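To start, the structure itself, in structure tokens.
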Amino acid sequence: MSSRKTYYVTTPIYYVNDVPHIGHAYTTLACDVLARFMRLDGRDVHFLTGTDEHGQKIEKAAAAAGLAPQAFADKVSVSFRELIGAMNYSPDNFIRTTEPRHYRACQALWEKLEEAGDIYLGKYAGWYSVRDETYFVEGETEVGPDSKRRALSTGAEVEWVEEPSYFFRLSAWAERLLAFYEANPRFIAPESRRNEVLSFVRGGLQDLSVSRTSFSWGVPVPGDPKHVMYVWLDALTNYITECGYPDTSDALWKFWPADLHMVGKDIIRFHCVFWPAFLMAAGVAPPQRVFAHGWWTNEGQKISKSLGNVIDPVELVATYGLDPVRYFLLREVPFGNDGDFQRRAMIGRLNGDLANAYGNLCQRVLSIVARNCGGQVPGKGPLIDADTALLERARALLAIVRTELEEQAFHRALAALWDVVGEANRYVDAQAPWALAKTDPARRDTVLWVLAETIRRVTLLVQPFMPGSAARILDQLAVPEAQRAFSAFDAELLPGTALPAPQGVFPRYAEPAKAAS
RNA sequence: GGGCCCGUAGUUCAGUGGUUAGAACGAGCCGCUCAUAACGGUUAUGUCGCAGGUUCGAAUCCUGCCGGGCCUACCA
């Protein structure tokens, strides 16, 4: 079955300097939904996430914790693996930059860049802030009244530091990058980010320092082990390490170039400028698309550790339930925009969209079926216009969701599904199967069949977003496991099939009783 | 300083030249009673940031201004 179309989606590898927060959860969630959708749609999917474990910060943090860097990385990496279970993600692999195969890939890539003449030895010099661990250009610093020079942005003291460094000839790539963007308009999304990158590259590029000698926790530069590779060159390479690079006969190489790198908007330059330049220089095809999503704020406030308003995804799930959180994050905000996490909005979506509209639709239909149809899928009689209209709306959903997810428009995909949920609720009221029970049981059965069939189609498409809840609903419709992929989208419910007793899937969220004080 | 984007009902947004500007949530009223006190119908909301201009016609195009965001460059 090697003829199936592949789909390779990646999260950034997360820096183990930090514990997982809503931003990490959001990025991986988006990838998870795409991976699940594509699998159900018959694609040969590879979904990769992992951790970035090198760099001076890790080296220092490890020393402070009295651990070897590797032991420290091992420890922190675990919290990102735990998030996978907590959020029900479905990655095919979890990569770590400290794996031997990754060293091989980085060094092979480096050698290619060197062979191509895109790497040279120079000197990295600038105003260095020890506190920020960053170099600043002269203009970013200022000499204070005490005649000490400080970084304008952070106020930290800086000192002039020079160290030997290898450089990547990025300056030579601006024109070729622009040509690449031109030829691949889908490469950067959303559009506003694309404009940003274009104007950045049009402004000219400077060569990029790609090695350091001031610390040693990293991938050694081939032939000059005093240097370790710049963390971003190291980190980005993970995407091809996974596919076996430099061994293009590896079984996973078929997944390259990746269909999508999902990233936060803060690291767009690394993915949209540096990465394609590295790859083109090394003679490797660049990825097909980079999507930069936005940030969350918390009740209108910027999230920061110092404000203490960091959102812990595990806590969210404990409060509102896993699938409601997954739904909310992708439904509430047009994907690509910044979003505001509001407790009131979260509860609104949970109670309004999930409990009242969708959950209650399933419940009201299935309980009439249970009571009237002997616990079986009801019989299907002749269809009237109202029936075919609703069924047609449901049937059209697969193509709609497919189109929206090609563009990572999760919010629009969900809106389309919920349009049909609303349509189904109106149909229930219009057809009033409880009244038909007394006058025309056969017609009642047809109405219930139409509804059950509509719920089946909607729920098949809900699976990638809320896998657990969708499975429970499909169980209640007695849809066999083998008929939950989209290849069975048109395999209608068979009248007479035995059904289990219905059970609510999305309980309403009730405010915890206020503590009297 | 340059560039990009945004400012539309109480709220979140859709609408990018053409009849009385839409949706959802929230609010009021009515109906239903199968269902998780859920569902459906219906009503009301708006100087479409401000001011000019182009046009038979502008939320939509142009100019300026005000307000907000993002990217980027820095001044001597």
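Lettering of chains follows the sequences in order, A, B, ..., and the numbering in each one begins at 1. All values reported here derive from a predicted model rather than from experimental measurement. Note: hydrogens, waters and symmetry copies are ignored here, and every other heavy atom, side chains too, is used.
In this entry the distance linking NZ of A:Lys265 with C1' of B:rC5 reads 12 Å, nearest Å. Taking atom CZ of residue A:Arg193 and atom C1' of nucleotide B:rC70, one finds them 6 Å apart after rounding to whole Å. B:rC5 atom P lies 6 Å from atom CG of A:Asn195, rounded to whole Å. Rounding to whole angstrom units, CH2 of residue A:Trp295 and P of B:rC71 are separated by 11 Å. Rounded to whole Å, the distance from CD1 on A:Ile455 to P on B:rC39 is 15 Å. Between A:Glu191 atom CD and B:rG69 atom P there is a gap of 23 Å when expressed in whole angstrom units. Distance A:Glu423 CD to B:rG40 P: 10 Å, rounded to the nearest Å. As rounded to whole Å, 10 Å separates atom P of B:rC70 from atom CD of A:Glu196.
Here A:Gly359 lies in heavy-atom contact (under 4.0 Å) with a base. Counting non-hydrogen atoms under 4.0 angstrom, A:Ser367 reaches the backbone sugars and phosphates but no base. Within the nucleic acid shown, A:Val365 has no heavy atom closer than 4.0 Å to any nucleic acid atom.
Here, B:rG28 and B:rA44 have their C1' atoms 8 Å apart, quoted to the whole Å. Spacing between B:rA37 and B:rG49 at atom P, rounded to whole Å, works out to 42 Å. Taking atom P on both nucleotides, B:rC74 is separated from B:rU16 by 39 Å, rounded to a whole Å. With C1' as the reference atom, B:rG15 and B:rG40 are 27 Å apart, rounded to whole Å. When the C1' atom is used for both B:rC50 and B:rC56, the distance is 26 Å, rounded to whole Å. Only the C1' atoms considered, B:rG17 is 15 Å distant from B:rG53, to the nearest whole Å. Distance check on atom P: B:rG46 versus B:rG3 gives 38 Å, rounded to whole Å. Look at the P atom in both B:rC29 and B:rC71: the space between them is 48 Å, to the nearest Å.
Judged purely by distance below 3.5 Å, without hydrogens or angles, the side chains of A:Tyr509 and A:Thr319 never pair a donor atom with an acceptor atom. Side chain to side chain, A:Tyr358 and A:Asp353 fail the donor-acceptor criterion of an N or O pair below 3.5 Å. Between the side chains of A:Arg443 and A:Gln431, at least one donor N or O lies within less than 3.5 Å of an accepting N or O. For the residue pair A:Arg326 / A:Asn88, no side-chain donor-acceptor distance below 3.5 Å is found, with atom types taken as modelled. For the 3.5 Å distance criterion, the side chains of A:Asp118 and A:Trp173 qualify, holding a donor opposite an acceptor. For the residue pair A:Tyr15 / A:His24, no side-chain donor-acceptor distance below 3.5 Å is found, with atom types taken as modelled. There is a side-chain donor-acceptor pair under 3.5 Å between A:Arg343 and A:Tyr320.
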Restricting to nitrogen or oxygen on both sides, can you table the protein-nucleotides 21-27 of chain B pairs closer than 3.5 Å?
none

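The side chain of A:Arg508 lies closest to B:rA38, out of B:rA35, B:rC71, B:rA38. Nearest to the side chain of A:Asp429, among B:rC4, B:rG31, B:rU36, sits B:rG31. Taking every side-chain heavy atom of A:Asn425 into account, B:rG40 is the closest of B:rC71, B:rG40, B:rC32. The listed nucleotides are B:rC34, B:rU36, B:rC4; the one nearest the side chain of A:Ala355 is B:rU36. In the set B:rA38, B:rG31, B:rG3, B:rG3 carries the atom at the smallest distance from any side-chain atom of A:Ser199.
The shortest side-chain heavy-atom distance between A:Gln408 and A:Arg289 falls under the 4.5 Å cut-off.
Between A:Ile368 and A:Lys302, the residue anchored nearer the 5' end of RNA chain B, judged by the nucleotide with its closest heavy atom, is A:Ile368. Position along RNA chain B of the nearest nucleotide to A:Gly504 versus A:Asn351 favours A:Gly504 as the more 5'-ward residue.
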* Structure fact -> With B for base contact, S for sugar-phosphate-only contact and - for none (protein heavy atoms under 4.0 Å), nucleotides 8-16 of chain B reads ---------

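A:Glu492 and A:Arg456 are not joined by a salt bridge, as no carboxylate oxygen comes within less than 4.0 angstrom of a charged side-chain nitrogen. We find that A:Arg402 and A:Asp41 are joined by a salt bridge, their nearest charged nitrogen and carboxylate oxygen being less than 4.0 Å apart.
Closest heavy-atom contact between A:Ala86 and A:Leu322: O-CD1, 3.5 Å.
Taking 3.5 Å as the limit, the base of B:rA35 and the side chain of A:Asn360 contain a donor-acceptor pair of atoms between them.
In this structure, A:Thr27 contributes its side chain and A:Gly23 its backbone to a donor-acceptor pair below 3.5 Å. A distance-only check finds no donor-acceptor pair linking the side chain of A:Ser165 to the backbone of A:Tyr124 [under 3.5 Å].
Cation-pi geometry between A:Arg457 and A:Phe489 is satisfied (NZ or CZ under 6.0 Å from the ring centre, within 45° of the ring normal).
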* Asked: In dot-bracket notation, what is the pairing pattern of RNA chain B, taking Watson-Crick (N1-N3 plus N6-O4 or O6-N4) and G-U wobble (N1-O2 and O6-N3) contacts under 3.5 Å, with [ ] crossing and | for other strands?
  -> ((((((((.[[[[.)..(...]]]].(((((.......))))).....[[[[[..)....]]]]])))))))....

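The shortest distance between the side-chain N/O atoms of A:Arg371 and the OP1/OP2 oxygens of B:rA35 is below 4.0 Å.
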